[in-house]
Amino acid sequence: MSNLGHTCWLCLLWSHYQHCPIEIEWHGIWFVTGTFDYDLVVIGGGSGGLACSKEAAQLGQKVAVLDYVEPSVKGTKWGIGGTCVNVGCIPKKLMHQAALLGTALKDAQKYGWQIPGPISHDWSTMAEAVQNHVRSLNWGHRVQLQDKEVKYLNVKGSLLDEHTVKGLTRTGKETMLTAKNIVIATGGRPKYPTHIPGAVEHGITSDDIFWLKESPGKTLVVGASYVALECAGFLTGIGLETTVMVRSIPLRGFDQQMAGLVTDYMEAYGTKFSWRSVPKSVDKLSSGVLQVTWTDEQTGKDQRDTFDSVLWAVGRAPETKTLGLEKVGVKLNKESGKILVAADESTSVPNIYAFGDIGEGRPELTPTAIKAGKLLARRLAGRTNELMNYDNVATTVFTPLEYGCVGLSEEEAESRHGKDSIEVYHAFYKPLEFTVAERDASQCYIKVVCKRGGDQRILGLHFTGPNAGEVTQGFAMGFQCGATLTHLKETVGIHPTCAEELTKVNVSKRSGLDATVTGC
Amino acid sequence: MIFWVTLARNGSSFPPVCGCGRFIMGGHRRVEREKEERQSHTEVIRRKSSTQFMAHRLLVRRIWTLSVKDLRCLPASLSSFSTSLRSSTTPLSLLSPKRTLPRSLPHTSRREVSFNVQDHEDFTERVINSELPVLIDFHAQWCGPCKILGPRLEKAVAKQKGKVHMAKVDIDDHTDLAIEYGVSAVPTVIAMRGGDVIDQFVGIKDDEALDSFVSKLVGQ
């Protein structure tokens, strides 16, 4: 039996709620005489939650969205919009841009610009500008919700039963809402390594870094995820002494050759890396600086250094603890704590759905959450049966040397198809802009992983270089259309760009030939 | 404010009828008619409620007992009081504690002409229930044009020498209030008199346009 239906105890028929006119839940605490307060209640006002609620409202549904930000350990809080808008993509990209401009200023002198005196960066100016932009986005979302007639409640939502949501205000006031369907899109929050003494008291996370009024100073970034590398990247770029502490490998889940190029570039440009190191404790000294003790796993010895700030980027945990999920019967993955979801974002409870970062096995990306949310709203309104396609999603890591990719990593392609069934074409190229600026381009690289033989369908595409996100987006469309190496070679490049190097790729790894691009 | 009521009898719509029951005719005679109406209205309202008249007499008595400092504010307040007397939709509103002039006069003299709204209650007290017309400046710290318009508004308001107040609302601090008044873009300036929205504009205006906007609000 489909898990999208339920037995109506009045007409004793298997049905979907939307078809049965009158329902009485024998074990519930409410009687439904055909009407709920809302057609849809969305818990979570982030990228996914907002997209879903606005789409549903546009389709004529009565929708409410509940958004609440539990302040971080350091007390940081923010407005509507979720992680992406407030403590993720948006402020990250803006600060990344600030760092790139610093590098550009240095290059500018080679291009003839007369810059008097040394260039310095003021954190407060940047932070205020970034924070102001984020606030304008918070406002924009509020206006949009108002325009689309979505009821917005700044309350912490939790489930009482499969049709009732309890909302708690900051002051402790309770509201109850009943809904035909409930969608959970509460996302995640950064994890603290609670087993490390001093970690919680003295460290900050990505929730805090973008809202600091004062410069974080000499910073230790613990972790090697894209969050850690992107943060360390822009901190270095604006002139702060930054160290990245890596336990094992950088960018787990990404193509490791590309990850290596990203970290090589960062090391060459001033970020310190403490490889194979595990922090042991964090103490605050009388001077106010933080003393971090860590174990060097290679030597087994303990090391110590002082920092102004310690940024934990050791993973994210789903926001499910206070949702009341167990009571209602929504099943979670025991290890990750994320909600188990089917291809249509449904959970183990018929009318409760979950998507975005909270869904098990889902990419933690804004565009996928937005698209999935819109499709879910359309399905719930009965307008479509289309499911979200989570394959072929392109992404970019905004480290100082950006890395964009779509499709499989070389390792993944090898494991799925076998090393002999794939052909990897690659090239080391030099962006034209780097020449006059006399910049090192050793890590600017392209890799196209294809099926061997036949039409040589592209399985994965990888690019490190400036504006990797802009470069990869167009190729992602080709990838979605089932691009082959022939298609790529038949495409005439735009000159002079970095992206055109993708169309000119012809040296395979198997051949062992030098993959450095020389001249036009 | 003369409120217009359209009565529909037998399915047809009659000409607009004002609250006191007299027909108002349109066309070229309207202007004279309206003037007549206003004057007769004033009389009607005065005659209608003796308690209201009593309040008026009480007010006059209390005005004379005020200090000289407070008397400086009188001309503006008195003219606005008589305006509100003529234009009141609910005659009894004059008797409501918050709107009784004698009580608020001392407050008015001590209040700044331009102030930041603290909360919903503050807004109700100082803006909706204000005897004077109020300009509400909805702004945000992330809004560049707001920073240009702000000083211009202050200048225009200052020129009116206390005849109009300005309430500044930061839409990030008072999002619900801003949404309630239909603000979508900033800066949005709403002109309010007697709790009603008289006029509004979005974006920047130059000094001349602002002066005429404010003058219109004050009723010059």
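Keep in mind it's a predicted model, so treat the numbers as computed, not measured. In what follows, every heavy atom counts, from backbone to side chain, and hydrogens, waters and symmetry copies are set aside. Numbers restart at 1 for each chain; the letters A, B, ... are given by sequence-line order, proteins then strands.
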Atom NZ of K156(A) with >12 non-hydrogen neighbours under 6.0 angstrom: yes
Neighbour count above 12 (heavy atom, 6.0 Å) for K155(B) NZ: no
Shortest non-hydrogen contact from S184(B) toward W139(A): O-NE1, 2.8 Å
Greater than 12 external heavy atoms within 6.0 Å of E180(B)'s CD: yes
Shortest non-hydrogen contact from V183(B) toward V143(A): O-CG2, 4.1 Å
Gap between atom OG1 of T175(B) and atom CZ of R135(A) - 0.5 Å precision: 11.5 Å
Salt-bridge present (D176(B), R142(A); N to O < 4.0 Å): yes
Enclosure of K168(B) NZ (heavy-atom neighbours >12, cutoff 6.0 Å): yes
